[in-house]
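Here is the structure we will look at.
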There are 2 protein chains.
Amino acid sequence: MPVKNPSLKSAASSTVEDYLERILELINSKGYARVVDIASALKISQASVTNMIQRLDTEGLLNYEKYRGLVLTTAGEKLARSIAHRHQLLTDFLKLFGIDDDVIYHDVEGMEHHISPPTLRAIEALTAQLRRRPALLAKLKLAGT
Amino acid sequence: MPVKNPSLKSAASSTVEDYLERILELINSKGYARVVDIASALKISQASVTNMIQRLDTEGLLNYEKYRGLVLTTAGEKLARSIAHRHQLLTDFLKLFGIDDDVIYHDVEGMEHHISPPTLRAIEALTAQLRRRPALLAKLKLAGT
DNA sequence: TAAATAAGTTAGTTTTAACTAACTTTTGCA
DNA sequence: TGCAAAAGTTAGTTAAAACTAACTTATTTA
Ligand SMILES: [Mn+2]
Ligand SMILES: [Mn+2]
Ligand SMILES: [Mn+2]
Ligand SMILES: [Mn+2]
């Protein structure tokens, strides 16, 4: 079921979003993103990664030099950052409830691609409010046992 | 990106979940689910629906008699109900924030397939608590302008 | 610095879930 | 009752995104 995702300006597919997210993460943590590391982070083959990188280059989200390496373009970095930010907000929200980190990661990794800006803003504001209400959160955690 | 969804006993794909959800909805509203109505609800071709119905029959989620009609099996109905319930809980949650109905529907339709039971329980409990705190909700709605 | 290993690429294949076109069955109505 | 329209089915095609196998380029190390 190809559900269109209008949540970000340049409507990228879930797949593209996950690649960009991983690439930015690798650049932030080690300074560069190699094919082999992207592949291992996404648990897919290097061949698939090469293929996608070439596509992202074509789409202007990164510049790629064969066999050498890649850098995100301004557009690519901006998009990657918004994807990472959305992931973080959703994670922060779910962390309020004492859900297992693995479960949170799994759920966020799937749902993030389907959250529109209005919904994300609501969740962000809600998270901020809930953080100021430990009593309410305590009640919720009890309910979850 | 084939993200496995362990959120329901018999791990059905997002696609299967959407079909079952539509089928149950049609049965609830008009008493039966025809190929042509499932197709129009999901905005896909009748041929695709026929194909999926045959698959769901094979998988034991419904009984299908060619050219005649279908009924959900006990397993199929149980699964469909849990899918519908999850959809409802997520909708109830997002309705708290004054998000447009269209946006809510779109987001829920996508994210529902990636919400694990613990996350769903947390959201359910949170919704119940927030309903008792109109002041907090009012504050959130202001933030969203 | 040459051989071995690691990394990256290409070509072709697979899977899933759509699609269209042509056909069959059922239903509704003159 | 029979025929046209609606509904449903089949067969073959397409597209996205994965895969494997074989190949090329780069890096490491003896
Ligand atoms: Mn993510
Ligand atoms: Mn993701
Ligand atoms: Mn739904
Ligand atoms: Mn859905």
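Letters A, B, ... mirror the listed sequences (proteins, then strands); counts begin at 1.
Using modelled atom types, no side-chain atom of A:S116 and backbone atom of B:V103 make a donor-acceptor pair closer than 3.5 Å.
Under 4.0 angstrom from either OP1 or OP2 of C:dT27 there lies at least one side-chain N or O belonging to B:R68. The phosphate of C:dA17 (OP1 or OP2) has a side-chain N or O of B:R55 nearer than 4.0 angstrom. Between A:S48 and the phosphate of D:dA17, there is no side-chain N or O to OP1/OP2 separation shorter than 4.0 Å. Contact check, B:K66 against C:dT24: no side-chain N or O comes under 4.0 Å of OP1 or OP2. Contact between the side-chain N/O atoms of A:Y19 and the OP1/OP2 oxygens of D:dA18 is found at a separation under 4.0 Å. The shortest distance between the side-chain N/O atoms of A:S13 and the OP1/OP2 oxygens of D:dA16 is not below 4.0 Å. Contact check, B:S45 against C:dT20: no side-chain N or O comes under 4.0 Å of OP1 or OP2.
Residues B:I104 and B:I99 approach most closely at CD1-O, 3.4 Å, considering heavy atoms. Residues B:S48 and B:Y19 approach most closely at O-OH, 3.6 Å, considering heavy atoms.
Between B:R121 and B:E124 no salt bridge is recorded (no basic side-chain N to carboxylate O distance below 4.0 Å). With respect to the salt-bridge test (charged N to carboxylate O, under 4.0 angstrom), the residues A:K30 and A:D37 qualify.
Straight-line distance from the CG atom of A:D37 to the P atom of C:dA7: 8 Å, rounded to whole Å. Rounded to an integer number of Å, the gap from OH of A:Y67 to P of C:dA6 is 18 Å. In this structure, OH of B:Y32 is placed 10 Å from P of D:dG8, rounded to the nearest angstrom. Rounded to an integer number of Å, the gap from A:R34 CZ to D:dT25 P is 20 Å. Between A:I38 atom CD1 and D:dA18 atom P there is a gap of 13 Å when expressed in whole angstrom units. Per the geometry, CD1 belonging to A:I44 stands 11 Å off P belonging to D:dT20, to the nearest Å.
Side-chain proximity of B:T15 to C:dA18, C:dG8, D:dG8: nearest is C:dA18.
In terms of position along DNA chain C, the nucleotide closest to B:M52 lies nearer the 5' end than the nucleotide closest to the other residue of the pair B:A47 and B:M52. Map A:K43 and B:N51 each onto its nearest nucleotide of DNA chain D; the residue landing nearer the 5' end is B:N51. Position along DNA chain D of the nearest nucleotide to B:Q54 versus A:Q46 favours B:Q54 as the more 5'-ward residue.
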